[in-house]
Amino acid sequence: TEVLEQAVKLARQAGQSHVFMLAAAALAYAYASLGRLHKAHAVCQEAIEVAEAYQQRNRQQLSAAASIFAILSSILNEWGEIQQSIQAARRGLALSEVWGQADTIMLCLLSLASGLSLAHEFEAAQQTIQRARKLAQKVSPWFVLNAQYVEMRIYLDAGQIDQAARLRAE
């Protein structure tokens, strides 16, 4: 994480909002992966502040912030703040669709589907994960596996053990 922390610091000092967003997303993801959720959350909050300042200065959104919202959504899910998680995922999805980065759209769709499932909005979660599965075929095998994993969790959250087992067998 030291190298990523340095990258964030340098991007901040240089005032490079787009570069800062990419470095911050990488750092937040690394922290979250290491279970350092409070540090990841703090990085996400700073990145959102940078994105909002950028929007005020330039009168346009910083689309590169989309992945920050996907990471924030995952953290909020872990903390049981499900409605806030869904809002963050939707905000990230809107930005990612403007940006057009398929991998970022995927991250946001997966985060949104997870949040909707935890909120017991199973129909909306299924619609979201079906969209993610279609896109995953065009992105990478890694995203295909992640979409299947989230779909299995949706079935389990809904108590549909047979459907989860069928998916597992595929």
Side-chain angles (χ1 to χ4, degrees), residues 18 21-22 24-38 40-41 43-45 47-48 50-52 55 60-170:
H18 287 82
M21 219 44 62
L22 297 174
L27 180 59
Y29 182 82
Y31 280 146
S33 296
L34 293 169
R36 299 172 71 184
L37 299 182
H38 289 284
H41 185 265
V43 171
C44 289
Q45 292 301 99
I48 290 168
V50 168
E52 289 172 351
Q55 183 175 357
Q60 72 180 59
Q61 294 181 326
L62 185 58
S63 300
S67 54
I68 291 291
F69 288 102
I71 297 163
L72 178 61
S73 174
S74 296
I75 294 165
L76 293 170
N77 274 340
E78 288 294 324
W79 289 346
E81 297 176 18
I82 307 307
Q83 291 306 316
Q84 288 178 309
S85 167
I86 292 169
Q87 290 172 359
R90 284 186 171 138
R91 192 167 170 193
L93 182 58
L95 281 174
S96 67
E97 288 172 336
V98 169
W99 194 15
Q101 279 294 118
D103 59 335
T104 306
I105 293 169
M106 277 298 306
L107 292 173
C108 294
L109 286 170
L110 294 173
S111 294
L112 179 58
S114 294
L116 290 168
S117 182
L118 291 170
H120 297 252
E121 296 179 33
F122 300 119
E123 187 173 324
Q126 275 298 334
Q127 290 171 353
T128 303
I129 202 61
Q130 291 309 315
R131 182 175 168 207
R133 284 190 78 172
K134 286 179 188 173
L135 182 57
Q137 298 294 328
K138 299 174 188 172
V139 179
S140 75
W142 184 80
F143 275 118
V144 170
L145 290 173
N146 277 276
Q148 289 173 339
Y149 170 75
V150 171
E151 185 175 11
M152 188 176 307
R153 279 198 3 243
I154 293 167
Y155 286 133
L156 293 172
D157 288 346
Q160 298 177 358
I161 309 302
D162 292 343
Q163 287 290 89
R166 178 196 55 77
L167 184 63
R168 171 70 172 93
E170 287 181 2

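This is a predicted model, so every value here is computed, not measured.
Of all heavy-atom pairs between Leu95 and Gln61, the closest is CD2-OE1, 3.2 Å. What you find for Thr104 and Ser96 is that their closest heavy atoms are CG2-CB, 3.7 Å. In terms of heavy-atom proximity, Ala28 sits nearest to Val43 at CB-CG1, 3.9 Å. Of all the heavy atoms in Cys108 and Ala66, the pair that sits closest is SG-O, 3.7 Å. Taking all atoms of both residues into account, the shortest heavy-atom contact from Ile154 to Ala125 is CD1-O, 3.7 Å. A pairwise comparison of heavy atoms in Ser114 and Val150 identifies OG-CG1, 3.7 Å as the closest pair.
Under the side chain to side chain contact (heavy atoms under 4.5 Å, CB included) criterion, Ala164 pairs with Met152, Tyr155, Leu156, sequence neighbours left out. Residues forming a side chain to side chain donor-acceptor pair (under 3.5 Å) with Arg90 (at least two apart in sequence, or on another chain): none. With sequence neighbours left out, Arg131 forms a side chain to side chain contact (heavy atoms under 4.5 Å, CB included) with Leu93, Glu97, Ile105, Leu109. Under the side chain to side chain donor-acceptor pair (under 3.5 Å) criterion, Ser117 pairs with Asp157, sequence neighbours left out. With sequence neighbours left out, Ala51 forms a side chain to side chain contact (heavy atoms under 4.5 Å, CB included) with Met21, Leu62, Ala65. With sequence neighbours excluded, the residues forming a side chain to side chain contact (heavy atoms under 4.5 Å, CB included) with Ala158 are Phe122, Gln160, listed by chain and number. Remark: Gln83 engages no residue in a side chain to side chain donor-acceptor pair (under 3.5 Å) (not counting sequence neighbours). Judged as a salt bridge (charged side-chain N to carboxylate O under 4.0 Å, His left out), and not counting sequence neighbours, Arg36 has no contacts.
Rounded to the nearest 0.5 angstrom, Ile71 CD1 and Ser111 OG are separated by 8.5 Å. Separation of atoms CG (Leu110) and CD1 (Ile129) is listed at 5.0 Å; rounding is to 0.5 Å. In this structure, Arg133 CZ and Gln130 CD are separated by 6.0 Å, a value rounded to the nearest 0.5 Å. To the nearest 0.5 angstrom, Arg153 atom CZ is 14.0 Å from Gln148 atom CD. One finds the CD atom of Glu151 at 5.0 Å from the CD atom of Gln126 (value rounded to the nearest 0.5 Å). Here CG of Asp162 is found 12.5 Å from CG of Leu167. Values are rounded to the nearest 0.5 Å.
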Acceptor/donor pairs from residues 73-80 side chains to any protein atom, 3.5 angstrom cut, sequence neighbours excluded:
{"unit_1": "Ser73", "atom_1": "OG", "unit_2": "Ser85", "atom_2": "O", "d": "3.0"}
{"unit_1": "Ser73", "atom_1": "OG", "unit_2": "Ser85", "atom_2": "OG", "d": "2.9"}
{"unit_1": "Ser74", "atom_1": "OG", "unit_2": "Ala70", "atom_2": "O", "d": "3.3"}
{"unit_1": "Asn77", "atom_1": "OD1", "unit_2": "Ser85", "atom_2": "OG", "d": "2.8"}
{"unit_1": "Asn77", "atom_1": "ND2", "unit_2": "Ser85", "atom_2": "OG", "d": "3.4"}

Distance-only criterion, 3.5 Å: show the donor-acceptor pairs between side-chain atoms of residues 138-145 and protein atoms not counting sequence neighbours.
{"unit_1": "Ser140", "atom_1": "OG", "unit_2": "Trp142", "atom_2": "N", "d": "3.4"}
{"unit_1": "Ser140", "atom_1": "OG", "unit_2": "Phe143", "atom_2": "N", "d": "3.2"}

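Annotation: ring-ring contact (aromatic ring centres under 6.0 Å, His included) contacts involving residues 84-110, sequence neighbours excluded, are absent. Pairs engaging residues 103-125 under the salt bridge (Lys or Arg N to Asp or Glu O under 4.0 Å) rule: none recorded [sequence neighbours left out].
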### Task
Any chance you could lay out the side chain to side chain contact (heavy atoms under 4.5 Å, CB included) test for Leu72 and Gln45, step after step, and finish with the verdict?
CA-CA 8 Å; Leu72 178 61; Gln45 292 301 99; 3.9 Å; yes
### CA sep, side-chain torsions, deciding dist, call: Phe69, Ile48, side chain to side chain contact (heavy atoms under 4.5 Å, CB included)
CA-CA 8 Å; Phe69 288 102; Ile48 290 168; 3.6 Å; yes
